[in-house]
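Model, not experiment: these values are computed from the prediction.
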Amino acid sequence: MNAAEIFGSNVFNETVMRQCLPPKVFDEVMQVCRAGGQLSMASADVVANAMKDWAVAKGATHYTHWFQPLTGITAEKHDSFITVPQAGRTILKLTGKQLIMGEPDASSFPSGGLRSTHYARGYTAWDMTSPAFVKEQAAGVILCIPTVFISYTGEALDNKTPLLRSMQALSEQALRVLRLFGNTSATKVIPSVGAEQEYFLIDRQKYLSRRDLIYTGRTLFGAKAPKGQELDDQYFGVIRERVGSFMKDLNTELWKMGITATTQHNEVAPGQHEMAPIYSDANLAVDQNQLAMETMKRIATRHGLVCLLHEKPYAGVNGSGKHNNWSLSTDTGERLLDPGSSPNDNLQFLLILACILKAVDEHADILRQSAANTGNDQRLGAQEAPPAIVSIFLGDQLDNVADQIVNNGVAAASLKGGKLDMGVNTLPVLRKDATDRNRTSPFAFTGNKFEFRMVGSSDSLANANTVLNAIVAEAFCEAADLLEKAGDFEHDAKTLIAEYMIGHSRIIFNGNGYSDEWVREAARRGLPNLPSMVDAVPTLTTEKTVSLFEKFGIFTRPELESRAEIMYETYSKTVNIEAQTMVHMAGKHYIPAVIHFTTRLANSINAVRTACPEADVSAQTELLQKCSVLLSSAKRALGELGRISAEVNAYDDVPRMAREFHDRVVPAMAALRAPVDELELLVDKDMWPVPTYGDLMFEV
């Protein structure tokens, strides 16, 4: 296999369009992609026909408008190219109108009250900036046309539309800043993203033996295995043959779809792995990450495996995230987050950095919310996942520059990287970076980008990047409003940089984000601490948030309110499914297994006493007593979980229901899990009804 030959072979990309389209139509398409505007219907017909011919040549029989509803995953409805038969034969056709717009009912997708079921019409509209592609799957070869999804009255019903709006807003405001520095050549500023995707693999047969994994994507019960990740021997270790075969096939499929998967390795936890691509434009990165997650699941099935994307499938070991590496560049190739060799003298970089500090400090709450989902509640704050308190890690070099500006108004110098001599004359002397990394920081500067480490492994990248783009656009806008009126630009710019850094230095933290001291220090600084999804959702509808998004046309108030309602509903439904699964498993699997074990143990004790009255059966009796006590505890906790769940499900108020699920049902779930996990370590393994953590994590 030659990676260069297959890369992008299933993508209707610029190279393919140049070959398939008349030059005039090609130029029109590229102009619209780069500068915006509308494609003429005549040209749309030409593009649609060429796209259809290209896809049919690859075996496609159907096309779909591929979109991202508010479920967090993707959606598609397949339509064939076949037209009405005439004289016993038909032709294959895709028109410009069919390409540009679709009219799916799609009324069952969550809308948070934006539309009623009896007003079900919605529209999908072609996103020309993300190329069409074909998917090879069991249903056949399908031409996928990336689209947005909006309601009949124009509200965004998807994650893609707000992202595109935020990218446009960021570009417009960033260009205002660049013009202040004399840059007249750039016509667009593009946020780019590289998403490191973590995931677990487990054997499919073992997966099918665990109802919690099937219904919820994570284990709701499970005692710690004798060995976990303590020795760190899984991390970057030799990739096992079965996993390596999966990765090989995954790479092939991703490369065909133009996804630049470059990095693959074992992660820290047993059975955990990571894939990372090269950077791409934010909207394309979002599309490709959704495709990557879908492809991981599909390829895993071929190998008798299951890919788990839940943030915390196992308790006590690393969870999975999706590190969102975010950067800014112009369409002329200038990287705006590159500090250069002397960042203290780089006025443009310092202004951009100061604006980002201001943006994250003022909107730490909504940035935290952008990474909120039910699974992340179990992940954040431990085992290499960042805490729920948003802070910025700048590293030694930029922290020193910022400290000089805060204390003196200007930075006279900056730290240099130096060299690293390893003391062996056959080894090279390395150039050392000017700063280390901080694995506990939620938002860390890592050279020429910021790494937002909060995003969960199953989540869409769209929400986090929409918020990042929006808050930075606001900071750029406010800076440009002031500096466009400056009499002495350089003096006023330095003054503004100092003002921003002094006013927002509380967001900078280079220490251990896991420590209790940091929690107390963050509270002293006034930084928001939103430990759960339910705590974070209200930030969506504050006046500050509504004002931010409405100012740039990214969200309307009703769109934000709808998303808050959807998040509350999603939390309640997810926790309820988990609770009902626990009730099912405890009542149908664990408690009967323990009763069977204790009965056999009691019979054994009686048999020994009958055969040998003098025999010491204290060990068996002690085990029987301990199991019986835990069994009674589990039975009480099971009844309590069922009772509380029924009470909470009766609430009509959506936010209150979510809060009650968090405050009452989640603790009741933990109370049921505790005795069952203890029993797992006492009951004969042959009688335990499900695979254990050791079985799941190590037998892949």
Side-chain angles (χ1 to χ4, degrees), residues 200 202-203 206-230 269-272 308 310-320 374-375 377-379 381-383 574-575 577-601 622-645 662 664-699:
F200 281 85
I202 66 170
D203 181 84
K206 294 182 175 65
Y207 166 87
L208 293 174
S209 298
R210 299 260 334 195
R211 291 290 155 183
D212 46 4
L213 286 173
I214 293 172
Y215 296 145
T216 73
R218 74 179 181 109
T219 55
L220 301 171
F221 298 95
K224 184 179 178 181
K227 179 181 183 294
Q229 61 190 53
E230 297 88 351
Q272 187 185 31
L308 298 178
H310 194 284
E311 285 71 22
K312 197 74 170 179
Y314 306 112
V317 298
N318 261 34
S320 293
T374 317
D377 281 5
Q378 286 93 43
R379 167 182 169 258
Q383 290 141 342
T574 301
V575 176
I577 291 170
E578 291 181 346
Q580 296 309 310
T581 301
M582 291 189 80
V583 168
H584 171 87
M585 293 182 71
K588 298 290 187 180
H589 296 265
Y590 296 123
I591 289 177
V594 176
I595 291 174
H596 183 45
F597 174 73
T598 53
T599 300
R600 193 176 74 172
L601 185 57
E622 182 180 343
L623 179 59
L624 178 60
Q625 289 173 336
K626 189 170 185 179
C627 286
S628 297
V629 169
L630 289 170
L631 179 62
S632 296
S633 178
K635 185 66 175 67
R636 286 193 302 272
L638 173 61
E640 189 70 359
L641 176 58
R643 182 187 66 79
I644 293 173
S645 296
H662 177 272
R664 298 179 63 199
V665 176
V666 170
M669 290 166 60
L672 175 56
R673 175 172 184 158
V676 173
D677 286 359
E678 282 194 62
L679 284 163
E680 180 184 317
L681 299 176
L682 301 175
V683 174
D684 188 336
K685 179 171 171 50
D686 290 340
M687 300 179 68
W688 198 247
V690 300
T692 64
Y693 271 18
D695 300 329
L696 296 172
M697 290 192 291
F698 290 94
E699 298 179 13

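Closest non-hydrogen pair, Ala225 versus Gly694, comes out as CB-N, 3.9 Å. For Gly217 against Leu308, the heavy-atom pair with the smallest separation is O-CD2, 4.1 Å. The two residues Ala586 and Leu638 have their closest heavy-atom pair at CB-CD1, 4.1 Å. The minimum heavy-atom distance between Ser645 and Ala579, with the atom names listed, is OG-CB, 3.8 Å.
A salt bridge (Lys or Arg N to Asp or Glu O under 4.0 Å) with Glu578 holds for exactly one of Arg211, Arg218, Arg673, Lys312; it is Arg218. Each of Glu680, Met669, Arg210 was compared with Phe221 under the side chain to side chain contact (heavy atoms under 4.5 Å, CB included) criterion, and only Arg210 meets it. Shown are Thr598, Val629, Thr599; of these, the side chain to side chain contact (heavy atoms under 4.5 Å, CB included) with Leu624 is made only by Thr598.
Annotation: side chain of Tyr590 is in contact with side chain of Val690 (closest heavy-atom distance under 4.5 Å). For the pair Thr219 and Pro313, the minimum side-chain heavy-atom distance is 4.5 Å or more. Counting heavy atoms from C-beta on, the side chains of Val594 and Val676 never come closer than 4.5 Å. The closest side-chain heavy-atom distance from Leu696 to Leu213 is below 4.5 Å. Side-chain contact between Ser320 and Gln272 is present, with at least one heavy-atom pair separated by less than 4.5 Å. Contact of the Tyr215 side chain with the Gln580 side chain is not registered, since no non-hydrogen atoms from C-beta on lie closer than 4.5 Å.
Between Lys224 and Glu230 there is a salt bridge, since at least one side-chain N of the basic residue sits less than 4.0 Å from a carboxylate O of the acidic one.
The aromatic ring centres of Trp688 and Phe597 sit 6.0 Å or more apart. You'll find the ring centres of Phe200 and Tyr314 inside the 6.0 Å limit.
Between the CG atom of Leu641 and the CZ atom of Arg636 there is a distance of 14.5 Å, given to the nearest 0.5 Å. Put simply, CD1 on Ile577 and OG1 on Thr216 are 9.0 Å apart, with the number rounded to the nearest 0.5 Å.
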Verdict with supporting geometry, Val317 and Met697, side-chain contact (heavy atoms from CB on, under 4.5 Å): CA-CA 10 Å; Val317 298; Met697 290 192 291; 4.2 Å; yes
Criterion side-chain contact (heavy atoms from CB on, under 4.5 Å) on Lys206 and Glu699, from CA distance to verdict: CA-CA 9 Å; Lys206 294 182 175 65; Glu699 298 179 13; 3.0 Å; yes
Verdict with supporting geometry, His662 and Val575, side-chain contact (heavy atoms from CB on, under 4.5 Å): CA-CA 8 Å; His662 177 272; Val575 176; over 6 Å; no
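Under a 3.5 Å cut-off, the side chain of Gln229 and the backbone N or O of Asn318 do form a donor-acceptor pair. Without hydrogens or angle criteria, Asp212 side chain to Leu220 main chain gives a donor-acceptor distance under 3.5 Å.
Residue-environment remark: NZ (Lys227) exceeds the threshold of 12 foreign heavy atoms within 6.0 Å.
Checked by atom type, the side-chain pair Thr692/Asp695 shows a donor-acceptor distance below 3.5 Å.
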